[in-house]
**Student:** 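This structure is in structure tokens; I'll ask about it shortly.
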Amino acid sequence: MTDPAPDLLELRGVSKHFGSFRAVDEVGFTVRAGARHAVIGPNGAGKSTLFGLVSGTLAATAGSLLLDGRDVTRLPVHRRVGLGIAATFQHSSLFLPETVLENVLLAALRSAGAGAGTGLGGRRKAGARAAATARARTLLERVGLPTRHDVPAAELSHGERRQLEVAVALATEPRLLLLDEPAAGMSPAETERLTRLIAALPDDVTVLLIEHDLDMVFELADTVTVMHLGHHLTTGPPDEVRASAEVQSAYLGTTEVSS
Ligand code: ADP
Ligand code: MG
């Protein structure tokens with residue numbers, strides 16, 4: 001028998017309160033290394049807030065987060081990026097006036113520590129930039145934007161922007177990639193391409209995905225977590241989750257699954 005994959009991420013009773021409102025309330029589950037793990041739940045369930053706690057853009061009110069057994073709960077975003085956590089957000093964080101290539105390059109250089117103020121010599125800096133440029137081109141190819149390098153990000157279609165966001169996140173060489181509704185606003189063809197892209201990511205990139213397109217979720221995910229009103233309802237294999245009465249009732253009465 002082979003050993004089960006170790007946990008890459010563990011959430012232990014994680015909470016985020018906004019005043020007296022509990023957007024995320026004592027949520028606990030684990031994400032296996034190499035997983036394609038989806039988080040679903042009705043609008044307002046606390047999914048994006050939970051991602052903020054994992055990426056570090058939000059500070060947890062209580063509980064702890066462990067990456068590879070290491071407590072990262074109090075680490076700032078850039079330290080978590082350094083440890084391999086990368087995120088795309090529900091609302092875009094691209095540099096719109098910059099070109100497509102430059103957006104990916106900036107992320108690659110930042111994560112390589114070759115950004116401004118690191119004191120690298122001129123020649124080493126040029127070498128780092130050349131290597132990062134090559135990597136950025138490869139990533140743009142992988143996400144399906146090979147001919148759009150020199151276009152300002154502002155000129156991309158909605159679907160292309162989301163593809164670019166994935167390339168930007170991958171440029172930091174993450175071990176854990178957080179995708180918050182990457183298919184939102186995409187055409188069926190774009191969603192299909194994105195699904196294939198995520199499915200083709202190497203196993204050393206663990207994917208934690210928030211998505212309201214349940215077809216995409218059930219096509220991609222090997223594990224599904226359901227949240228409702230800030231609570232963790234269940235985590236399990238897709239078929240079990242789909243059949244769960246508790247999950248069905250959480251969705252009953254909501255015509256829209258998420259936002
Ligand atoms: P989801 O992504 O599952 O739709 P969110 O995590 O965005 O849900 O939001 C969960 C709840 O927390 C919502 O009711 C939302 O209004 C609330 N919320 C999110 N961010 C804030 C904030 N900064 N201040 C106050 N309430 C917030
Ligand atoms: Mg959300």
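All ligand and atom numbering here is 1-based and tracks the order in the structure.
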**Student:** May I ask you to check whether T225 and H37 show a side-chain donor-acceptor distance below 3.5 Å?
**Tutor:**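 Yes, because at least one side-chain N or O of T225 sits under 3.5 Å from a partner of the opposite role on H37.
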**Student:** Out of all atoms in ligand 1, which are within 4.0 Å of some heavy atom of A23? Include the element for each.
**Tutor:**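 Selected atoms, number and element: 12 (O).
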**Student:** What pairs of residues pass the salt bridge (Lys or Arg N to Asp or Glu O under 4.0 Å) test when at least one of them lies in residues 136-152, not counting sequence neighbours?
**Tutor:**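 Qualifying pairs, neighbours excluded: R148-E160.
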**Student:** Check the surroundings of atom CZ in F18: do more than 12 heavy atoms from other residues, nucleotides or ligands lie under 6.0 Å from it?
**Tutor:**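 More than 12 within 6.0 Å, yes.
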**Student:** Taking distance alone, with no angle check, do G44 and ligand 1 share an N/O pair under 3.5 Å?
**Tutor:**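 Looking only at distances, the answer is yes, because the N/O contact criterion of under 3.5 Å is met.
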**Student:** Nearest heavy atom to atom 9 (O) of ligand 1 wins, so pick from L53, L58, T49.
**Tutor:**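 Going through L53, L58, T49 one by one, T49 has the nearest heavy atom to atom 9 (O) of ligand 1.
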**Student:** Among pairs that include at least one residue of residues 64-80, which meet salt bridge (Lys or Arg N to Asp or Glu O under 4.0 Å), considering only residues two or more places apart or in two chains?
**Tutor:**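 Sorted result for residues 64-80: D68-R175.
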**Student:** What are the atoms of ligand 1, with element, lying closer than 4.0 Å to any heavy atom of N43?
**Tutor:**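 Within the 4.0 Å cut-off of N43, ligand 1 contributes 4 (O).
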**Student:** Does L11 form a side chain to side chain contact (heavy atoms under 4.5 Å, CB included) with V54? I'd like the steps, not just the answer.
**Tutor:** CA-CA 9 Å; L11 295 88; V54 176; 4.3 Å; yes
**Student:** Indicate if the distance from the Mg ion (ligand 2) to the nearest N, O or S atom of S48 falls below 2.8 Å.
**Tutor:**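 Of the N, O and S atoms in S48, at least one lies under 2.8 Å from the Mg ion (ligand 2), which means yes.
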**Student:** Could you say whether the N/O atoms of G46 and ligand 1 ever approach to under 3.5 Å?
**Tutor:**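 Between G46 and ligand 1 (N or O atoms, distance only) the closest approach is under 3.5 Å.
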